[in-house]
Amino acid sequence: MSEANNHNELEILRHSTAHIMAQAVRELYPETKITIGPAIKDGFYYDFDRDTPFSVEDLEKIEKKMEDIIRKDLSFERMEVSKDEARKIFKDEGYKIELINEIQDEKVSVYKQGDFIDLCRGPHLTSTGRVKAFKLISVAGSYWRGNEKNKMLQRIYGTSFFAKKELEEHLHKLEEAKKRDHRRLGKELDLFSMDDEIGAGLINWHPKGSVIRYTIENFWREEHYKNGYQIVYSPHIAKVNLWHTSGHMDFYRENMYSPMDIEGMPYIVKPMNCPFHIKMYKNKLKSYRELPIRWAELGTVYRYERSGVLHGLLRVRGFTQDDAHIFCRLDQLNDEIERVLNFTLYMLKSFGFNDFDVYLSTMPQGYVGTISNWEKATDALKGALNKAGLKFEIDPGAGVFYGPKIDVKIKDSLDRTWQCSTIQVDFNLPERFDVKYIGEDGASHQPIMIHRALLGSLERFFGCLIEHYAGAFPLWLAPVQARVMTITDKQNDFASRVLNQLLNSGIRGEADLRNEKIGFKIREAQMEKIPYMLIVGNKEVESKTVSVRKRGGADMGAIGVEKFVEMIKEEIRSKQ
RNA sequence: GCUGGCGUAGCUCAGUCGGUAGAGCAGCUGAUUUGUAAUCAGCCGGUCGGGGGUUCAAGUCCCUUCGCCAGCUCCA
């Protein structure tokens with residue numbers, strides 16, 4: 001086993017490289033104050049306080065200086081000193097003093113290489129010469145201690161490895177990841193777009209993206225009816241007063257858009273669907289016999305997001321949630337949660353997602369409701385997770401103030417995670433809206449409400465889907481499932497008949513009758529990631545077949561048209 | 001929102017010191033009738049993101065605004 005195969009070793013290497021970078025920065029720009037510089041997932045960073053931000057040219061200079069330091073093969077020396085001594089050593093480093101003052105122990109450790117000394121727990125490499133390959137990646141601002149009220153520091157990101165080859169592989173991997181970025185594929189495959197004049201974070205779904213969405217929505221609706229849901233629709237705006245009742249005006253206002261005036265009455269575009277479903281529930285007296293009520297809606301909401309956080313389809317200002325609200329009795333809670341969780345997993349798996357992170361968020365500060373209800377709800381969530389055999393992490397205190405929740409996060413091409421599914425128990429809204437049902441005892445009781453979104457939002461889910469498949473969607477989702485292409489225009493009639501057969505069988509087909517060479521047509525279809533290419537020449541016309549080429553290049557040979565239709569219909573049905 | 005970088009044809013990008021904008025692909029037209037990832041030729045295509053300023057002259061410099069990218073912060 002090489003050192004590089006050992007995670008800890010790599011962390012030590014990167015942490016040491018961060019120190020080398022800090023040394024280089026101090027030597028080049030002595031006025032710079034050092035702060036902290038840990039190893040992170042794919043490398044390291046170091047935060048500096050300097051009035052002039054680092055430029056790309058500065059990075060090159062720093063890299064050169066780092067190479068010098070590495071060449072000198074300075075040893076990393078560990079020393080333990082008292083906090084007083086440490087304060088003397090770092091007397092000009094206010095950030096370090098702040099850190100020292102917060103350390104509980106009497107002694108602190110410092111590491112020294114050459115003339116550079118840094119407060120650090122360690123461990124480190126034996127000497128700087130052990131760094132064999134490194135690269136500084138980018139500069140970005142970051143707040144001291146991650147608090148936006150603090151001063152903004154200059155963060156330099158870099159990465160390092162024990163071997164040049166590993167660094168190259170890493171950089172290559174990043175390049176490859178960029179190729180499956182949904183923003184790039186969305187453009188290349190003509191799936192969606194955004195436009196300055198429309199506004200940031202607002203999505204136009206092009207025909208090909210829309211076909212996928214339509215397919216997702218249809219599947220979603222069918223499955224919801226199968227799973228005992230009813231589907232509803234609600235308006236996009238409501239009077240401000242509704243949002244006062246719901247509490248959103250108090251605790252969600254910074255995410256809501258300003259009111260619009262309608263005949264002197266202020267209305268707000270909805271950031272959430274729940275108040276509407278609650279009003280629908282309250283429209284008529286409910287009996288305990290009717291519960292659970294499961295109402296689902298593909299509800300489009302608009303939320304203000306700070307411009308800097310918008311990101312392709314994954315973080316937008318207008319999106320459609322695959323929302324649902326379940327009103328149930330306390331004794332139905334366990335069952336309902338379990339159903340929702342299983343439904344979630346079924347949906348995600350149907351779309352090919354098997355790898356995600358699951359979190360259970362528990363009671364935060366400033367919660368509403370009773371502790372006993374919180375416990376019941378949290379137990380119900382936990383129980384369902386365990387029963388499903390899911391590995392999950394507990395995120396203590398990260399629940400919403402109105403109830404605990406389960407979040408399922410999917411990773412994007414660059415390993416950033418995005419929350420898609422969410423299952424939340426809510427004790428708050430039923431209270432605020434005075435939601436009731438008449439129990440067996442003839443008295444009125446308050447139901448529990450579960451908010452849930454399985455895919456999260458269609459926009460974000462679509463973004464994840466694009467990256468998951470790198471744009472090569474499984475057949476059932478592919479915008480164009482099969483394209484007939486002719487060798488010469490002598491086959492146009494036959495090709496058109498084949499196309500009609502496809503269309504009549506509900507297959508999304510196209511015909512490429514252009515006067516182009518077959519190689520060219522194949523190339524284009526390949527780049528559009530069309531699953532099946534049906535090549536038609538004289539041979540095929542005579543035998544009433546199509547020569548089938550699969551996306552990726554596999555040649556399936558000549559197949560009778562009828563047989564092909566049956567085959568592909570089965571494949572669509574199986575969602576493979 | 002904050003820090004930094006960026007915005008040139010539908011797309012990807014070039015454009016020197018401030019001297020009046022260019023390529024490939026796409027598109028259009030024509031020729032070619034072709035067997036598994038690019039046939040050839042011609043043509044069209046731009047308020048250089050928007051607005052303002054400096055200058056004899058601005059894609060280039062300055063201000064402002066919108067948007068995009070990376071990160072921070074945020075994320076019911």
Side-chain angles (χ1 to χ4, degrees), chain A residues 40 45 47 50 52-56 58-59 137-157 178 181 183-184 187-188 190 193-202 246-248 251-252 254-255 271-274 301 303-312 314-315 321 323 361 364 398-403 405 407 414 416 418-419 422 424 426 428-429 451 453 460 485-492 514-528 533-540 547-558:
Chain A
I40 50 171
Y45 68 78
D47 284 347
R50 180 172 181 245
T52 6
F54 297 106
S55 66
V56 178
D58 291 336
L59 287 194
I137 306 283
S138 61
V139 240
S142 69
Y143 301 103
W144 168 239
R145 318 215 106 171
N147 185 333
E148 69 179 316
K149 292 198 172 65
N150 290 342
K151 185 164 186 190
M152 180 157 274
L153 309 170
Q154 304 299 321
R155 174 173 297 181
I156 303 179
Y157 283 91
K178 274 189 201 159
D181 189 311
R183 292 166 297 184
R184 177 182 176 145
K187 197 181 276 183
E188 283 174 8
D190 199 12
S193 64
M194 288 172 288
D195 185 281
D196 284 13
E197 207 168 352
I198 295 174
L202 302 169
S246 70
H248 289 97
F251 56 78
Y252 202 67
E254 65 278 15
N255 283 288
M272 297 204 186
N273 304 302
C274 19
V301 298
R303 297 179 184 176
Y304 169 71
E305 299 282 359
R306 303 213 272 180
S307 57
V309 307
L310 299 172
H311 183 93
L314 300 181
R315 188 87 180 261
Q321 294 183 300
D323 209 357
S361 301
V400 196
F401 73 89
Y402 55 65
K405 61 172 182 168
D407 288 331
L414 294 170
R416 293 173 288 212
W418 297 91
Q419 181 188 314
T422 182
Q424 308 177 347
D426 185 350
N428 178 52
L429 283 180
H451 307 247
R460 178 174 289 181
M485 27 194 137
T486 50
I487 304 281
T488 73
D489 55 16
K490 291 194 186 70
Q491 296 91 39
N492 282 4
R514 291 175 305 170
N515 176 11
E516 296 288 352
K517 289 165 83 168
I518 196 68
F520 181 78
K521 295 184 183 183
I522 286 171
R523 178 184 152 80
E524 287 205 339
Q526 187 66 45
M527 290 197 304
E528 288 173 50
M533 299 166 216
L534 311 180
I535 290 140
V536 172
N538 281 335
K539 283 185 293 187
E540 287 80 8
S547 282
V548 181
R549 185 192 209 268
K550 289 185 86 161
R551 169 176 66 192
D555 187 350
M556 300 176 72

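Order of the sequence lines fixes the chain letters, A, B, ..., with proteins taken first and strands second; residue numbering starts at 1 for each chain. Heavy-atom basis, side chains included; hydrogens, waters and symmetry copies ignored.
Residue contacts for A:T488: at a heavy-atom cut-off of 4.0 Å it reaches a base atom on one of the strands shown. Nucleic acid contact class of A:Y45 (heavy atoms, under 4.0 Å, all strands): none. At the heavy-atom level, A:E540 lies under 4.0 Å from base atoms of the strands shown. Within the nucleic acid shown, A:H248 comes within 4.0 Å of at least one base atom, counting heavy atoms only. Nucleic acid contact class of A:G146 (heavy atoms, under 4.0 Å, all strands): sugar-phosphate only. Within 4.0 Å (heavy atoms only), A:N255 reaches no atom of the nucleic acid at all. Within the nucleic acid shown, A:E188 has no heavy atom closer than 4.0 Å to any nucleic acid atom. A:S547 comes within 4.0 angstrom of a nucleotide base, judged by non-hydrogen atoms across all strands. Nucleic acid contact class of A:G519 (heavy atoms, under 4.0 Å, all strands): sugar-phosphate only.
Remark: the A:R315 side chain and the B:C75 base include a donor-acceptor N/O pair separated by less than 3.5 Å. A donor-acceptor contact under 3.5 Å links the side chain of A:R306 to the base of B:U73. For A:R184 and B:C11, a side-chain-to-base donor-acceptor distance below 3.5 Å is absent, hydrogens and geometry of angles not being considered. Applying the 3.5 Å distance criterion, the base of B:G1 shares a donor-acceptor pair with the side chain of A:Y143.
Of the candidate nucleotides B:G1, B:G71, B:U36, B:G1 has the atom lying nearest to any side-chain atom of A:V309. Side-chain proximity of A:D555 to the nucleotides B:U39, B:U36, B:G35 is greatest for B:U36.
A close approach under 4.0 Å does occur between a side-chain nitrogen or oxygen of A:R549 and OP1 or OP2 of B:A37.
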Find every protein N or O atom lying less than 3.5 Å from an N or O atom of nucleotides 63-68 of chain B, and list the pairs.
from, atom 1, to, atom 2, distance (Å)
B:G67, O2', A:D196, OD1, 2.8

Identify the pairs formed between an N or O of the protein and an N or O of nucleotides 12-14 of chain B at a distance under 3.5 Å, and give each distance.
from, atom 1, to, atom 2, distance (Å)
B:U12, OP1, A:K187, NZ, 3.2

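Both distances falling under 3.5 Å, in either a Watson-Crick or a G-U wobble arrangement, place B:G71 opposite B:C2. Under the Watson-Crick or G-U wobble criterion, with both distances below 3.5 Å, B:G46 has no partner in any strand shown. Base-pair partner of B:U20: not found among the strands shown (Watson-Crick or G-U wobble, both distances under 3.5 Å). Nucleotide B:G10 is matched to B:C25 when pairs are restricted to Watson-Crick or G-U wobble geometry with both distances under 3.5 angstrom.
Going from the P atom of B:C44 to that of B:A23 covers 11 Å, rounded to whole Å. Using P as the reference atom, B:G7 and B:G59 are 15 Å apart when rounded to the nearest Å. For the P atoms, the distance linking B:C63 with B:C2 amounts to 16 Å, nearest Å. One C1' atom belongs to B:G24, the other to B:U60, and the distance between them is 24 Å to the nearest Å. With both ends at atom P, the span from B:A21 to B:A26 equals 26 Å, rounded to whole Å. Only the P atoms considered, B:G27 is 23 Å distant from B:G22, to the nearest whole Å. Nucleotides B:C72 and B:U16 have their C1' atoms positioned 37 Å apart, rounded to a whole Å.
The only option from A:K178, A:R184, A:R183 that meets the salt bridge (charged side-chain N to carboxylate O under 4.0 Å, His left out) definition with A:D181 turns out to be A:R183.
With sequence neighbours left out, the ring pair (Phe, Tyr, Trp, His ring centres under 6.0 Å) criterion links A:Y143 to no other residue.
Toward the 5′ end of RNA chain B lies the nearest nucleotide of A:I487, the other residue of the pair A:N428 and A:I487 mapping further downstream.
Put simply, CE on A:M152 is 12 Å from C1' on B:C74, counting in whole angstrom units.
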